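Encoded as structure tokens, the structure appears first; notes follow it.
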Amino acid sequence: KYTFSVIIDRLCKEKKLDDAHRLFSKLLDKGFVADEVVYCSLIDGYCKGNDVEGALSLWNEMVHREIYPNSETYNAFIFGLCKSGYTEKAGCVLDEMIARGLIPSSAAFNTVIHAYCSDGDLEKAFELHNQMVQRSFEPDTITYNVLIDGLCKKRMVDKAAKLFSMLADKGMPIDGVTYNTLISGYCKESNMEAALKHFDEMLTRGVRPNVVTYNSLIYEYCIAGKMVDAYQLLHKMIQSNIAPDSITYSAFIKGHCIGEDLEEALNLHAKILADGIRPTVVMYNILINGLCQEGKMQEAKCLFKQLLESGLSPN
RNA sequence: GACUUCUUCAG
């Protein structure tokens, strides 16, 4: 029994879901008695393999056999449901889990809260956070990062900032992601003053800015046409030993395209290639889009060809 | 048991 469970688990982890399921069915026919562990492997595999429908039918089958899912199975299923957009169902499964006296991981809560935020339903997101507190599960830094991001994405940066300072007052640990989230929120509303204020605060509080921090600021400068400020930040980041990545370069390329300086955009692109940096599809998309907007179809086609030749797939 | 959060294209 355990041997087969191990094999099925292995097959699931290797994404050989069909093989796993075939073996499972065959075993059931031969009188193998399934337990919650083997269902956990299968459901986790289906969820990670983006087949929640498959996971759901296994779940129903499991319940029908009166096998009770363990915490791991619940967590995996909740994750899968959220990933495929079944947020409401995930919320129900989470409730059921608690009702059965099992302890959801903080990641399970965070996953569902994040899903509500992605759906734009901040009310539900905060409601779940409140329930968490009421039932004495402790929200962690990630929970708050998710909520702050949810507020920023809904353009409620002022509320996000309030939550941010509340956390600081309560002594809740704030990490680089918390700062990055808020900084990005300020950038998106072109409030560079507030963004930079928090950037400086990071330094004084010993939270190290990383490539994401710089990318958020640089990106906003680039699309606002403030290329000089953007390049200044680039130098600062390099001085701080933070390597620019493809997103950083994309920002500059986009900035030059927006400034209708396609020559500079193409120069930069060439320089990136010459430096041995691997181009990405997004980089090509930005350039091709910029060229198309300017009616430079020949050059656009040329870049498209280049994209294919570098082994990237157009999207 | 690889569970969850931040930055990039088009729309």
Side-chain angles (χ1 to χ4, degrees), chain A residues 5-6 9-10 12-15 37 40-45 47-49 70-83 90 94 104-118 125 128 139-153 160 164 174-188 195 198 202 207 209-223 233 237 242 244-255 257-258 265 279-293 303 307 312 314-315:
Chain A
S5 291
V6 170
D9 188 59
R10 198 65 245 160
C12 287
K13 295 225 160 49
E14 287 175 13
K15 309 219 178 276
V37 175
C40 181
S41 298
L42 286 162
I43 288 169
D44 185 51
C47 286
K48 294 217 166 85
N70 59 26
S71 311
E72 293 297 340
T73 318
Y74 273 106
N75 288 333
F77 193 40
I78 288 167
F79 174 73
L81 288 167
C82 287
K83 200 163 60 160
L94 185 66
S105 64
S106 72
F109 276 108
N110 295 340
T111 303
V112 180
I113 292 174
H114 180 236
Y116 279 129
C117 287
S118 302
L128 184 50
D140 57 17
T141 304
I142 295 183
T143 317
Y144 289 108
N145 290 346
V146 169
L147 290 170
I148 289 170
D149 187 49
L151 288 166
C152 287
K153 296 256 157 74
F164 181 93
I174 284 171
D175 64 12
V177 175
T178 324
Y179 272 104
N180 289 346
T181 305
L182 192 61
I183 287 171
S184 158
Y186 279 127
C187 288
K188 293 239 162 74
H198 284 87
M202 282 180 93
V207 182
N210 62 11
V211 65
V212 175
T213 323
Y214 279 98
N215 286 347
S216 303
L217 294 161
I218 288 173
Y219 182 78
E220 174 54 30
Y221 276 136
C222 286
I223 62 172
L233 268 178
M237 109 186 248
I242 297 163
D245 64 9
S246 70
I247 296 179
T248 322
Y249 298 120
S250 302
F252 282 98
I253 292 173
K254 180 164 173 164
C257 287
I258 289 173
T280 63
V281 181
V282 173
M283 266 169 52
Y284 278 102
N285 287 347
I286 294 172
L287 267 173
I288 291 170
N289 183 54
L291 290 163
C292 288
Q293 300 278 335
L303 272 160
L307 183 160
L312 294 166
N315 60 18

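Every chain is numbered from 1 and lettered A, B, ... according to where its sequence line falls, protein lines coming before strand lines. Remember, predicted model here, so these are calculated numbers, not experimental data. Below, each value reflects all heavy atoms present in this structure, side chains not excepted, and no hydrogens, waters or symmetry copies.
- For the pair A:Phe109 CZ and B:C3 P, the computed distance is 18 Å after rounding to whole Å.
- Relative to the side chain of A:Thr111, the nucleotides B:U8, B:C6, B:U4 differ in distance, and B:U4 lies closest.
- Checked against B:A2, B:C3, B:U7, the side chain of A:Asn75 finds its nearest nucleotide in B:C3.
- Regarding A:Tyr284, its OH atom lies at a distance of 16 Å from the C1' atom of B:U8, rounded to whole Å.
- Among the nucleotides B:U7, B:C9, B:C3, the one closest to the side chain of A:Phe79 is B:C3.
- Per the geometry, CG belonging to A:Leu128 stands 13 Å off C1' belonging to B:U4, to the nearest Å.
- Here the side chain of A:Ile286 is nearest to one of B:C6, B:U4, B:C9, namely B:C9.
- Checking B:U5, B:U8, B:C3 against the side-chain heavy atoms of A:Asn145 singles out B:U5 as nearest.
- Taking atom CG of A:Asp245 as the reference point, atom P of B:U7 lies 13 Å away to the nearest angstrom.
- One interatomic measurement links the two molecules: CD1 of A:Ile78 to P of B:U4, which rounds to 13 Å at whole-angstrom precision.
- Counting only heavy atoms from C-beta on, A:Thr181 has its side chain closest to B:C6 among B:U5, B:U7, B:C6.
- Judged purely by distance below 3.5 Å, without hydrogens or angles, the side chains of A:Asn70 and A:Thr73 pair a donor atom with an acceptor atom.
- For A:Tyr219, taking side-chain heavy atoms from C-beta onward, the closest of the listed nucleotides B:C3, B:C9, B:A2 is B:C9.
- The side chain of A:Lys254 contributes an N or O atom lying less than 4.0 Å from OP1 or OP2 of B:A10.
- Distance CD1/A:Ile183 to CD/A:Glu220: 13.0 Å, rounded to 0.5 Å.
- When the side-chain nitrogen and oxygen atoms of A:Lys153 are compared with OP1 and OP2 of B:U7, one or more of them lie within a distance under 4.0 Å.
- Protein atom CD of A:Glu72 is 13 Å distant from nucleotide atom P of B:U4, rounded to whole Å.
- If you take CZ of A:Phe252 and P of B:U7, they are 18 Å apart, rounded to a whole angstrom.
- Protein atom CG of A:Asp149 is 16 Å distant from nucleotide atom P of B:U4, rounded to whole Å.
- Looking at heavy atoms from C-beta onward, A:Leu307 lies in side-chain contact with A:Ile288 at the 4.5 angstrom threshold.
- Set against B:C3, B:C9, B:U7, the side chain of A:Lys188 has B:U7 as its closest nucleotide.
- Taking every side-chain heavy atom of A:Ser184 into account, B:C6 is the closest of B:U8, B:C6, B:G1.
- By the 30° and 60° cut-offs, the orientation of the rings of A:Phe164 relative to A:Tyr179 is perpendicular.
- Residues A:Ile242 and A:Thr213 are not in side-chain contact: their nearest non-hydrogen atoms beyond the backbone lie 4.5 Å or more apart.
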